[in-house]
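Step one of this worksheet: look at the structure below.
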Amino acid sequence: MSYRLIVENGRAKRGRLSTVHGDIETPCFMNVATVGAIKGAVSSDDLLSIGTQVVLSNTYHLHVRTGDELIKKLGGLHSFMGWKGPILTDSGGFQVFSLAEMRKIKEEGVTFQSHIDGRRIFMGPEESIRIQSNLGSTIAMAFDECPSSKADRDYVKQSVERTTRWLVRCRDELERLRSLPDTINKEQLLFGINQGAVYDDIRTEHADIISAMDLDGYAIGGLAVGETHEEMYHILDITVPRLPRNKPVYLMGVGTPVNIIEAVRRGVDFFDCVYPSRNGRHGHAYTHHGKMNLKNQAYEEDLRPIEEGCDCPCCRSYSRAYVHHLLKAKEMLAMRLLVLHNLHFYNHLMEEIRAAIEEGNYDEWADKTIERMTENLP
RNA sequence: GUGGGUAUGGCGCAGUUGGCUAGCGCGCCAGAUUGUGGCUCUGGAGGCCGUGGGUUCGAGUCCCACUAUCCACC
């Protein structure tokens, strides 16, 4: 279990994280499968054909529906969903704050109501890690609080301090569980999460504190939640250099292709975002020339593939006009084809990013690619 | 044929006792969406109110005729 830096190009890193479920070439985009499935009728087999390296599932969602204990009993998440590669599980912290109602935050953890059936659930660091251990994911995320980007300074400060105390408890609990005989993944990794909203000093101080804990990786959370792109890039500029250079860095929930290219430039290794899958379900396709809305009338008679030269399962066989028709007819196949195209696009974008770093011309490649992506589509 | 009902944007409907630029849902045309509730939100286009006449300062609204359509009866 190790992260190795292969090539550096400015702050951009080309690395490899070796895990029990295989190597992850970084920078890497994790494909979001919240409840153990990519939404849009995409199977684990499909993922092999579109270059997926890592799947991301969610602690909160799997706990409130189906249940982590049942999944453990059935052999763990990997065998349950038929995916042999790495899985990262998000801790549920974000969902507790974004989905659940009537939550009460205390030092021990958070009491909230399930968005499924309204029942009261308590989740703290130990509960989150126990669930993630039951799921047997490759990488577990620390249980954190994601304060609103509009939260005032005093609140953010005390929230971040609590998140740090929760991180210590997460680490201790994972260490305890890893040594138990019936634990599914005894090599489970733990990433800590940096918070601090848009307050520079809280961000950097917190980065320093968690860096000293020698975790398997570090995430930056609480970004892309309402602040501007400039604010987000600024937080990366001041935070990433405080995190260990020889550990993977994960920017949570980000983002657009341009966001990712810019964040790699600032030293980020891991990404995840619902855009390719959610926007795919809603009719949007990502390309090297920007995002297109296939529902638009402009594509009604367009027999070209979504992107010339793309070898995804959609572009190989179907036209924009056909996808447009499927969307109008509300056929499930439209969602499936667009999600496959978008994830293929993201996964292969990361390949291009890795190649550019290896070739030593990342900045130049990034500028040129961003320019192309912000053109207006035909 | 007789009696009754209904005619308002593509579809389904609201429109007070006649009173300002005639509304709503769906659809259509666009735009948002960043650690996912197969959503949601925000804009926009589109109507000589079935036709013709009348009453009135003023008619989608009241009156007459016609046309179309629905229901019941013969």
Side-chain angles (χ1 to χ4, degrees), chain A residues 29-42 54-62 64-65 87-101 113-118 128 132 137 139-147 149 163 191-195 217-229 231-233 250-260 262-263 268 270-284 286 290-300 324 327-336 338-339 342-343 346 376-377:
Chain A
F29 180 79
M30 300 186 280
N31 293 197
V32 180
T34 302
V35 296
I38 307 274
K39 290 185 189 293
V42 172
V54 186
V55 157
L56 181 148
S57 283
N58 189 273
T59 299
Y60 170 94
H61 286 281
L62 289 172
V64 298
R65 179 123 65 191
I87 298 176
L88 179 143
T89 40
D90 190 15
S91 66
F94 185 83
Q95 287 64 40
V96 165
F97 297 101
S98 65
L99 289 181
E101 290 182 20
Q113 276 192 299
S114 158
H115 72 278
I116 301 291
D117 57 9
S128 173
Q132 296 184 74
S137 62
I139 302 168
M141 295 304 300
F143 186 75
D144 65 335
E145 178 184 349
C146 179
S149 62
T163 287
F191 282 17
I193 304 174
N194 170 262
Q195 290 288 356
Y218 292 89
I220 297 169
L223 290 180
V225 288
E227 81 286 358
T228 65
H229 283 176
E231 284 176 303
M232 176 168 84
Y233 297 146
Y250 163 28
L251 177 55
M252 306 186 80
V254 174
T256 65
V258 171
N259 288 157
I260 289 174
E262 289 292 359
V268 177
F270 280 86
F271 299 88
D272 80 278
C273 187
V274 302
Y275 271 167
S277 43
R278 179 196 283 161
N279 283 339
R281 292 200 307 281
H282 299 161
H284 294 224
Y286 288 89
K291 189 178 74 167
M292 57 171 76
N293 183 352
L294 269 302
K295 278 194 256 188
N296 289 1
Q297 207 167 36
Y299 303 111
E300 195 173 38
H324 173 84
L327 284 165
K328 289 292 176 188
K330 299 188 191 300
E331 276 300 328
M332 194 156 54
L333 182 58
M335 290 193 276
R336 178 175 149 76
L338 283 170
V339 172
N342 285 344
L343 290 178
Y346 267 71
N376 279 330
L377 289 159

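Side chains included, hydrogens not; waters and symmetry mates left out as well; all remaining heavy atoms used. Since the structure is predicted, the reported quantities are computational estimates derived from the model, not experimental observations. Numbers restart at 1 for each chain; the letters A, B, ... are given by sequence-line order, proteins then strands.
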Describe the nucleic acid contact of A/Asn58 in one word from base, sugar-phosphate, nothing, applying a heavy-atom distance below 4.0 Å.
sugar-phosphate
Write down the atom of A/Tyr250, the atom of A/Asp272, and the distance for their closest heavy-atom approach.
OH-OD1, 2.6 Å
Under 3.5 Å, is there any donor-acceptor pair linking the side chain of A/Gln195 to the base of B/G35?
yes
Mind checking if A/Leu251 touches a base, just sugar-phosphate, or nothing, with heavy atoms under 4.0 Å?
nothing
Checking B/G35, B/U34, B/A30 against the side chain of A/Ser91 (C-beta onward), the nearest is B/G35
Let me know which of A/Arg281, A/Arg278, A/Lys39 forms a side-chain contact (heavy atoms from CB on, under 4.5 Å) with A/Val339.
A/Arg281
Can you tell me if A/Asn279 and A/Tyr286 form a side-chain donor-acceptor pair at under 3.5 Å?
yes
Under 4.0 Å between any heavy atoms, over every strand shown, what does A/Ala263 touch: base, sugar-phosphate, or nothing? Just pick one.
nothing
Heavy atoms under 4.0 Å, any strand shown: does A/His61 hit a base, just sugar-phosphate, or nothing?
sugar-phosphate
So what does A/Gly93 touch, heavy atoms closer than 4.0 Å: a base, only the sugar-phosphate, or nothing?
nothing
Respond yes when some side-chain nitrogen or oxygen of A/Asn293 is under 4.0 Å from OP1 or OP2 of B/C29, and no when none is.
no
For a quick check of understanding: with a heavy-atom distance under 4.0 Å over all strands, which category does A/Met332 fall into, base, sugar-phosphate or nothing?
base
If stacking means aromatic ring centre less than 5.5 angstrom from the base's six-membered ring centre, planes under 30°, is A/His282 stacked on B/U33?
no
Regarding A/Glu300, tell me which of base, sugar-phosphate or nothing describes its non-hydrogen contacts under 4.0 Å with the strands shown.
nothing
Looking for any heavy atom pair under 4.0 Å, which part of the strands does A/Gly92 touch: base, sugar-phosphate only, or nothing?
nothing
Can you tell me the Watson-Crick or wobble partner of B/C41, both distances under 3.5 angstrom?
B/G31
Which part of the nucleic acid, if any, lies within reach of A/Asn259 when heavy atoms closer than 4.0 Å are counted: base, sugar-phosphate only, or nothing?
base
Using the side-chain heavy atoms of A/Asp90, tell me which of these nucleotides is nearest: B/C29, B/G35, B/U34.
B/G35
Contact under 4.0 Å: A/Lys291 side-chain N or O vs B/U34 OP1/OP2:
no
Check the pair A/Thr163, A/Gln195 against side-chain hydrogen bond (donor to acceptor under 3.5 Å, both in side chains), reporting the backbone distance first and the verdict last.
CA-CA 8 Å; A/Thr163 287; A/Gln195 290 288 356; over 6 Å; no
